[in-house]
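Lettering of chains follows the sequences in order, A, B, ..., and the numbering in each one begins at 1. Atom set for the values below is all heavy atoms of this structure, side chains included, hydrogens, waters and symmetry mates excluded.
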Protein chains: 2
Amino acid sequence: MDKQTITIYDVAREANVSMATVSRVVNGNPNVKPATRQRVLKVIEELDYRPNAVARGLASKKTTTVGVIIPDVSNIFFASLARGIDDVATMYKYNIILANSDESGQKEVQVLNNLLAKQVDGLIYMGHTLSDDVRAKFSRSKTPVVLAGTIDPDEQVGSVNIDYKEASRFVVDKLVKDGNEKVAFISGSMDYSINRDYRLEGYKAALKENHLPYDESLIFATDYSYKAGESLWAKLTAIGATAAYVVDDELAVGVLNGMLDHGMSVPEDFQIITSNNTILTEMVRPKLTSISQPLYDMGAVAMRLLTKMMNKEEIEEKTILLPYDMIERNSTN
Amino acid sequence: MDKQTITIYDVAREANVSMATVSRVVNGNPNVKPATRQRVLKVIEELDYRPNAVARGLASKKTTTVGVIIPDVSNIFFASLARGIDDVATMYKYNIILANSDESGQKEVQVLNNLLAKQVDGLIYMGHTLSDDVRAKFSRSKTPVVLAGTIDPDEQVGSVNIDYKEASRFVVDKLVKDGNEKVAFISGSMDYSINRDYRLEGYKAALKENHLPYDESLIFATDYSYKAGESLWAKLTAIGATAAYVVDDELAVGVLNGMLDHGMSVPEDFQIITSNNTILTEMVRPKLTSISQPLYDMGAVAMRLLTKMMNKEEIEEKTILLPYDMIERNSTN
DNA sequence: CTGTTAGCGCATTCAC
DNA sequence: GTGAATGCGCTAACAG
């Protein structure tokens, strides 16, 4: 039942060298005579020898794997980030242990312990918010951490985001300038710092700039789901809102379809700008105008930053803001 | 720079026992006197000791991690499977190393070597097809393998799917019975066994049952993309097709929108049934009728099967077919 | 350039 | 019940 496990000793014996030499050629150490290098390489080929990464990890204290904590892989937003992460990880010879957290504090802590036990060289964390438990563990651990698409007001660890406040201000300003005096802010939980301290602040700033009053009844805090959005049309029309900035695409599609299914026209009666520019925005009719976050790039940059940290390189700035954009489609004028 | 690395020896010393005893309590070995177990547990708590999984893996030859090869995490179809896989993996105390393959044979082989080097206890493979290289590696390796949502005509390794041929036959039959005499088959590459040997066969079977001729000009083999679908409307209408069975949701949405954007009505002028019942089918207007594959469950069952294989349990049947369904929405009559 | 020798942290016999 | 000893496969000094 034992699988043909070929070790470094087998190679050493066949090549008439010591295991140290084999180790050297495997690790690209230059201190090996070309001739013997060739010989060793040949034996490695013949025996189909593959270094045992676990033993390697134990001896070198490096596993070349990073832990990635993600709320839910089947959420396109996070999955896009994950793809960027994995591509850069592969580029730098790292593997990724992917762990779903469901945004549950308890599960996050458990997952984190697990990842740390597996001796990951670094961690990438994604989520709508960062619990105190988790933040505490991060700062206690010596393992480098980077947040991707995730806000931490403390800025104790690395992070890669866009400027959410400014992006929010920008699109709300557009909505107002296009003639909407009652612009709704449709968001997920206000417990999330990103919604409360960044996007809502941007929303308020835009109103202020345009000398419009802040009206709390225009603020909708729900969950990030299609269903939640679908049921919002009644309240929105009742209150006289003529436009909305929505913080999540599925939610926005819900709002859109709720409107359409109840006889409203978009953008004639109601205008919508959403936040994530996922492919959904192109698939619905009318297509949705959206802030465009470079999701793939955010993941990629986060992973790149992490490689630098793991490599103990100098980091110029560990809080990175990537440029955002606004893609105008047919849900606005 | 060394992180406070607390080992089993530290615990042993503090608890006045040997490291063997600590190992026993950590691993739940019953041969430990309750009193000393308590003492050890207490010290573990105090020192915040966390067993090093790498050392454990080297000593026990088990890493409690499985490799998952996925074409692209940001594809909702595979991501849904991945979510099911991870949930069950977590349930059985396994972690997942996720690796994107882009369906590239070369990358797959590389990824596979990598995963094997990391000593994963098992492998789950997803993809539209299984290359000979990869299949060869699977049968040569002693590491258990399960395919999820992936066809292998050989049936040498475990697999979890739905009955693609039957599902295809079923929906095409419906389309025909609803009065469509020219039903298009819109597929990805015919190099993929799943399209060529299963779905197309189901399509042919349905035609035959209904005494309709097989017309090759109704077969469209393109790639799985929104854009590809969007441009198909001209050919479809030119040939007089009044309905289509589409093998991928993004592709189907493309077909739908292509039709609508060019003045056709769905389902009045053209009916569509798609294959994966992802959330996309609910987000477009009209909503798409779809075969429903239990994606999450397929992933979950695949992982469950793998745990059995890793545990060397008896497997009654390693080629599992899960039930499919058809969800009728508004793209059919 | 190459070989020898220690561990890395833990599971696992084998004694006691 | 518990402890001492061995080895998993490899990296990393240290000699030579």
Side-chain angles (χ1 to χ4, degrees), chain A residues 1-41 43-44 47-65 93 116-121 142, chain B residues 1-41 43-44 47-65 93 114 116-121:
Chain A
M1 224 47 193
D2 41 18
K3 49 176 98 164
Q4 53 123 84
T5 175
I6 298 174
T7 78
I8 199 170
Y9 284 101
D10 299 318
V11 177
R13 181 166 21 80
E14 291 298 312
N16 286 312
V17 294
S18 76
M19 53 96 84
T21 298
V22 177
S23 176
R24 287 191 187 96
V25 344
V26 167
N27 291 297
N29 184 316
N31 291 8
V32 180
K33 188 161 45 173
T36 82
R37 177 185 302 281
Q38 289 313 315
R39 188 149 37 93
V40 172
L41 249 20
V43 174
I44 288 180
L47 268 48
D48 192 27
Y49 165 69
R50 198 184 299 117
N52 180 324
V54 174
R56 230 163 161 165
L58 185 58
S60 68
K61 293 174 168 301
K62 283 192 200 126
T63 54
T64 62
T65 104
K93 312 284 185 200
L116 258 18
K118 292 242 160 131
Q119 314 298 113
V120 294
D121 296 336
K142 299 286 297 181
Chain B
M1 225 45 192
D2 43 17
K3 48 175 97 167
Q4 53 126 76
T5 176
I6 297 173
T7 77
I8 199 169
Y9 285 101
D10 299 318
V11 177
R13 181 166 22 77
E14 291 298 313
N16 286 314
V17 293
S18 76
M19 53 93 87
T21 298
V22 178
S23 175
R24 287 190 187 97
V25 345
V26 166
N27 291 296
N29 185 316
N31 291 10
V32 181
K33 189 161 41 174
T36 80
R37 177 186 303 280
Q38 289 313 317
R39 187 150 37 91
V40 171
L41 250 18
V43 174
I44 287 179
L47 267 46
D48 192 28
Y49 166 69
R50 199 185 298 117
N52 180 324
V54 174
R56 230 163 159 164
L58 185 58
S60 69
K61 294 176 169 299
K62 285 195 199 124
T63 54
T64 62
T65 106
K93 313 285 185 197
N114 217 255
L116 258 17
K118 293 240 161 133
Q119 313 299 113
V120 294
D121 295 336

Can B/Val17 and B/Val25 be said to form a side-chain contact (heavy atoms from CB on, under 4.5 Å), step by step?
CA-CA 11 Å; B/Val17 293; B/Val25 345; over 6 Å; no

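Heavy-atom distances under 4.0 Å link DNA chain C to A/Asn31, A/Val32, A/Lys33 of residues 27-34 of chain A, given in residue order.
Minimum heavy-atom separation, A/Leu58 to B/Val54: N-CG1, 3.5 Å. The two residues A/Thr63 and A/Val120 have their closest heavy-atom pair at OG1-CA, 3.8 Å. For B/Ile6 against B/Leu47, the heavy-atom pair with the smallest separation is CD1-O, 2.8 Å.
Not one side-chain nitrogen or oxygen of B/Ser60 sits closer than 4.0 Å to the OP1 or OP2 atom of C/dA11. Regarding contacts with the backbone of C/dA11, a side-chain N or O of B/Arg56 is found under 4.0 angstrom from either OP1 or OP2. For the pair B/Thr5 and C/dG9, the criterion of a side-chain N or O lying under 4.0 Å from OP1 or OP2 is met.
Applying the side-chain contact (heavy atoms from CB on, under 4.5 Å) test to B/Ser60 and every residue at least two apart in sequence or in another chain returns B/Lys62. Residues satisfying the side-chain hydrogen bond (donor to acceptor under 3.5 Å, both in side chains) test with B/Asn27, not counting sequence neighbours, are B/Ser23, B/Arg56. Applying the side-chain hydrogen bond (donor to acceptor under 3.5 Å, both in side chains) criterion to B/Arg50, with sequence neighbours excluded, gives no partner residue.
Heavy atoms of B/Ser23 sit under 4.0 angstrom from at least one base atom. At the heavy-atom level, A/Val17 lies under 4.0 Å from the strands shown only through sugar-phosphate atoms.
You can see that DNA chain D meets the heavy atoms of chain B within a 4.0 Å-exclusive cut from D/dG1 to D/dG9, reading 5' to 3'.
The base of C/dG3 sits within donor-acceptor range of the side chain of A/Arg24, with an N or O pair under 3.5 Å.
The distance from atom CG of A/Asn52 to atom C1' of C/dC10 is 14 Å, rounded to the nearest whole Å. In this entry the distance linking OH of B/Tyr49 with C1' of C/dG9 reads 7 Å, nearest Å. Note: CZ (A/Arg39) to P (C/dC1) measures 14 Å, nearest angstrom.
Under a 3.5 Å cut-off, the side chain of B/Lys61 and the backbone N or O of B/Gln119 do not form any donor-acceptor pair.
Comparing B/Arg37 and A/Leu58 by the nucleotide of DNA chain D whose heavy atom lies nearest to each, the residue mapping closer to the 5' end is B/Arg37.
Within the structure, salt bridge (Lys or Arg N to Asp or Glu O under 4.0 Å) pairs that include any residue of residues 13-24 of chain B comprise B/Asp10-B/Arg13 (at least two apart or interchain).
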